[in-house]
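A short write-up of the structure that comes next.
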Amino acid sequence: MGAVTVRARQAGVGHASEAPLAAAFAQAPLAMSINALPDGVFVDANDAFLRLFEVTKDELSGRSGVELGLFDDALQRQLRERLAGEGRVLDLECTRTTCRGKPVRVALTITMIDIDGVPHALSMMRDLTYRRPLEGETRREKFLVDVGATLASTLDYQETVANIVRLAVGPVGDLCALGLIDQAGILRNQAIHCGDPDKARLVEALRAIPVDANPAHVVGALVESRRPMLLSEVTPEIIDAVTTNPEHRRVLRGIGAQSAMGAPLVAHGEVLGALFIVSCRPERRYAAEDLPLLEALALRAALAVANARLHQQLLRAVRARDDVLGAVAHDLRNPLAAIVIHASRLRAAVPAGGAENSAEAIRRAAMRVSRLAEDLLDVARVDAGRLCIEPSPLRPDAVVADCVEAQRPIAEAASLELIVDIGQDLPEIVADRDRVQQVLENLVGNAIKFTPAGGSVTVGAAQREREVTFWVSDSGPGIPPEDLPRVFDRYWQASPKSKVGAGLGLAIAKDIVAAHGGRIWVESTLGQGSAFAFTVPARR
C-alpha cells in the first residue's frame, strides 16, 4: 500500500509541501488512518495506528475497518448519516477490538477530506484504555470527599441518617436502606430513599416492614459476619428467600431490584447496623470491584452515626444538668433570701461590736452563695442560648457610680482605696443595666480580692470611637504571662489553692459582653497589677 498524497487546495502551496505532510502523518503521536468512502477501505495508516490496533500494513491493504473488526456497522451508519447531513466532523468515545482480540477505549474524531476530488475519512484516535480506571478512581474519591463533608456538616441525628441514604442514591444506586441497632439491641429501619418518585408508596410500605435480624436471614447474617454482601443478580428466588410475608414480597418485586449489595456499619469496634444499596436498572449490575466503594461509604456513615449518637447523649446530659441546676437554684433562693433578711435585721438590732460583725459576715456569705447559684444558672443559660439581655439607654457614669457605691464598703473593709476615673461627656450606651453591672462588679470584686491591703483599685469609663470602654485596674501582684490566655476560661482560677470562687465569673462576663456586641480583654504585668477592660457600643 503506497503512501497517500493529500494535495493542498490553497493557492500558492505546491508539491514541495507534500513530503513534509506525509512525514508528519506517519510520525504523528495520535493513531491516524485514511479510508476511502463510502466502502471504508484503508488507504493508509500511521505507525501509532498500527501499534494501537496490533496490525500490519499488509493486513490493512485492500480491506475495510469493518472486515478487520476494527469498526462496526453502527459506526459506519453514523458516518453515512453525518455525510448525508453535510457534517464534516464526528466525535465520540467508543471501545474497539484490536486484530489480536484486545479491547481498547478510544476518543475518535473523523474528519471528511477530499483527495483528488474523492471523499475520504481521516480518523484520529486517542487511547483512553488506561485513562478510564483513573477517571473512575477520581470520581469515587470526589464522591467520598463530598460524602465526608456533608456528613461532617451536622451532628443532628435525624439529619445525619437522612443524608446517608440520600447521598448514596444516584452515584451508587437507585435505592438505599439504612438499618440501625437501637438501645434495646433491635435492628430497625431508620431511613430508606429511592430516586424514583413513582415508587414513593412502595418505599413507605417497605419502611413499615420490620427487619428480620435472624442470623439465618440475609440482613442478620450481614450484621453477624461483619462482612459485605453482594447479590449481582436479584432473582425471584432470592426475593422469595429474603422476604418474610406476601406483603414484603409484593413490595420488593414492585421496586424492581436488579442487583444489590450491603455492608455492616462498624465504628470503634461496635456494629451499629447495616447499609444496603439496590440497583433497579438492568445495565447497572454490581460486581466485586464495587464493594470497596460501598465499604468506604459504610465506614463514613458509621462514624457519622456514632458521632450523632454521642451528640444526642451530650444534649441529654446537658438538659439533665440544667434541670438539676434550675431546681437547686430555685430551692436555694428562698432560704438564702431569709438568711440575708434576718442577718440584716440582726445587724441593725444588736449594739455595735462582735455580734454586728458576725451578722454582717452571715449576710455576705449568704449573698456569695446566692451569686454562685446565679453563676451556675447563667452557664446553663449561655449553653442553651437563653442568656437574657434586655437593652435600654444607659449613662455610663451612672453604671460606674452604682458599682462603686456597692463595692466601696468591701474595699474599705479590705483597706483599699477605690478610685473613680470617668471621661467627660460620655455618650449613652444601649445595654442591659443589670448585666453590665454584673460584669463591672465581677471585675471590681476580683480586683479587691487579689489586691493586698494598702493598694488601690480604679474603675473608669471613656469613649473610644463608637464604643464606650469600661475598665478596672488594680495595684495587685499581676497575672503570670502564661496564665493570661486562660483567664476567661470556665473554672479557671488564678490560685487553685485559694478557692475564692467557682471560676465562672470571668467566663460569664465574656459571654455577657459578647451578647452586647462588645469585647473583653486583660493586660497585666507581674508586680505591677492588672487591668481588665470591656466595650459596649455607644447609642447612635
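Ion pairing of R51 with D127 is absent here, as no side-chain N (NZ or NE/NH1/NH2) approaches a carboxylate O to less than 4.0 Å. Ion pair E237/R249 not flagged as a salt bridge, since none of the NZ, NE, NH1 or NH2 atoms sits closer than 4.0 Å to an Asp/Glu carboxylate oxygen. Contact check on D146 versus K142 returns a salt bridge, with a Lys/Arg side-chain nitrogen under 4.0 Å from an Asp/Glu carboxylate oxygen. Ion pairing of R486 with D483 is present here, as a side-chain N (NZ or NE/NH1/NH2) and a carboxylate O approach within less than 4.0 Å.
At distances below 3.5 Å, not a single donor-acceptor pair connects side-chain atoms of E270 with backbone N or O atoms of A267. Put simply, the side chain of H120 gets close to the backbone of V118: a donor and an acceptor are under 3.5 Å apart. Judged by distance alone, the side chain of D174 and the main-chain N or O of C280 form a donor-acceptor pair under 3.5 Å. Panel note: side chain T97, backbone G101; no donor-acceptor pair is recorded below 3.5 Å.
Residue L60 holds its CG atom at 11.0 Å from CD of E67, rounded to the nearest 0.5 Å. E233 CD to S259 OG: the interatomic distance, rounded to the nearest 0.5 Å, is 8.5 Å. Between the CG atom in L52 and the OG atom in S33 there is a gap of 10.5 Å [rounded to 0.5 Å]. The distance from atom CG of L231 to atom CZ of R285, rounded to the nearest 0.5 Å, is 11.5 Å. If you take CG on L252 and CD on E247, they are separated by 10.0 Å, rounding to the nearest 0.5 Å. To the nearest 0.5 Å, the span separating CD1 on I508 from CD on Q438 amounts to 6.5 Å.
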Would you tabulate the side-chain donor-acceptor contacts of residues 297-308 under 3.5 Å, counting partners in other chains and residues two or more places apart, or write 'none'?
{"from": "R300", "atom 1": "NH1", "to": "A296", "atom 2": "O", "distance (Å)": "3.0"}
{"from": "N307", "atom 1": "ND2", "to": "L303", "atom 2": "O", "distance (Å)": "3.3"}

Intermediate values then yes/no, side chain to side chain contact (heavy atoms under 4.5 Å, CB included), M32 and D47: CA-CA 8 Å; M32 301 174 68; D47 294 341; over 6 Å; no
Audit row: I115, I113, side chain to side chain contact (heavy atoms under 4.5 Å, CB included) steps and yes/no: CA-CA 7 Å; I115 300 179; I113 61 174; 4.1 Å; yes
Audit row: L272, I181, side chain to side chain contact (heavy atoms under 4.5 Å, CB included) steps and yes/no: CA-CA 6 Å; L272 304 180; I181 300 173; over 6 Å; no
Full working for side chain to side chain contact (heavy atoms under 4.5 Å, CB included) between M125 and V104: CA-CA 11 Å; M125 285 149 279; V104 291; over 6 Å; no
From CA spacing to verdict: salt bridge (charged side-chain N to carboxylate O under 4.0 Å, His left out), R140, D290: CA-CA 10 Å; R140 284 192 290 270; D290 294 311; over 6 Å; no
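Every residue meeting the side chain to side chain contact (heavy atoms under 4.5 Å, CB included) condition with D432, not counting sequence neighbours, appears here in chain and number order: I389, E390, D434, R435, H516. Under the rule for a salt bridge (charged side-chain N to carboxylate O under 4.0 Å, His left out), the partners of R188 that lie at least two apart in sequence or sit in another chain are D182. In terms of the salt bridge (charged side-chain N to carboxylate O under 4.0 Å, His left out) criterion, D156 has no residue partners (sequence neighbours excluded). The salt bridge (charged side-chain N to carboxylate O under 4.0 Å, His left out) check on E295 picks up nothing, with sequence neighbours excluded.
L155 is not listed as a side-chain neighbour of T160, based on a closest heavy-atom distance of 4.5 Å or more. Counting heavy atoms from C-beta outward, L151 and I164 have side chains that approach closer than 4.5 Å. Here the side chains of V55 and R100 are not in contact, with every heavy-atom distance at 4.5 Å or above. Residues I110 and S123 are in side-chain contact: their nearest non-hydrogen atoms beyond the backbone lie under 4.5 Å apart. Here the side chains of F534 and I512 are not in contact, with every heavy-atom distance at 4.5 Å or above. With contacts defined as side-chain heavy-atom distances shorter than 4.5 Å, the pair L275/C176 qualifies. Considering only heavy atoms from C-beta on, V147 stays 4.5 Å or farther from N163 through its side chain. Within the 4.5 Å cutoff, the side chain of V172 has no heavy atoms near those of the L294 side chain.
Across every non-hydrogen atom of Y286 and S232, the tightest pair is O-OG, 3.1 Å. Taking each heavy atom of L30 and N46 in turn, the nearest pair found is O-ND2, 2.9 Å. A pairwise comparison of heavy atoms in A431 and V536 identifies CB-CG1, 4.1 Å as the closest pair. Of all non-hydrogen atoms in P171 and V169, the two that sit nearest each other are CD-O, 3.2 Å. Residues G40 and N35 come closest through the heavy atom pair O-ND2, 2.9 Å. L291 and P228 get closest at one heavy-atom pair: CD2-CB, 4.2 Å.
Ring centroids of F25 and F49 are separated by 6.0 Å or more, keeping the two rings apart.
Pairs passing the side-chain hydrogen bond (donor to acceptor under 3.5 Å, both in side chains) check and including a residue from residues 194-206, sequence neighbours excluded, read E204-R207.
A donor-acceptor contact under 3.5 angstrom links the side chains of T154 and E159, judged on distance only.
Remark: R166 CZ is packed, more than 12 non-hydrogen atoms of other residues, nucleotides or ligands lying under 6.0 Å away.
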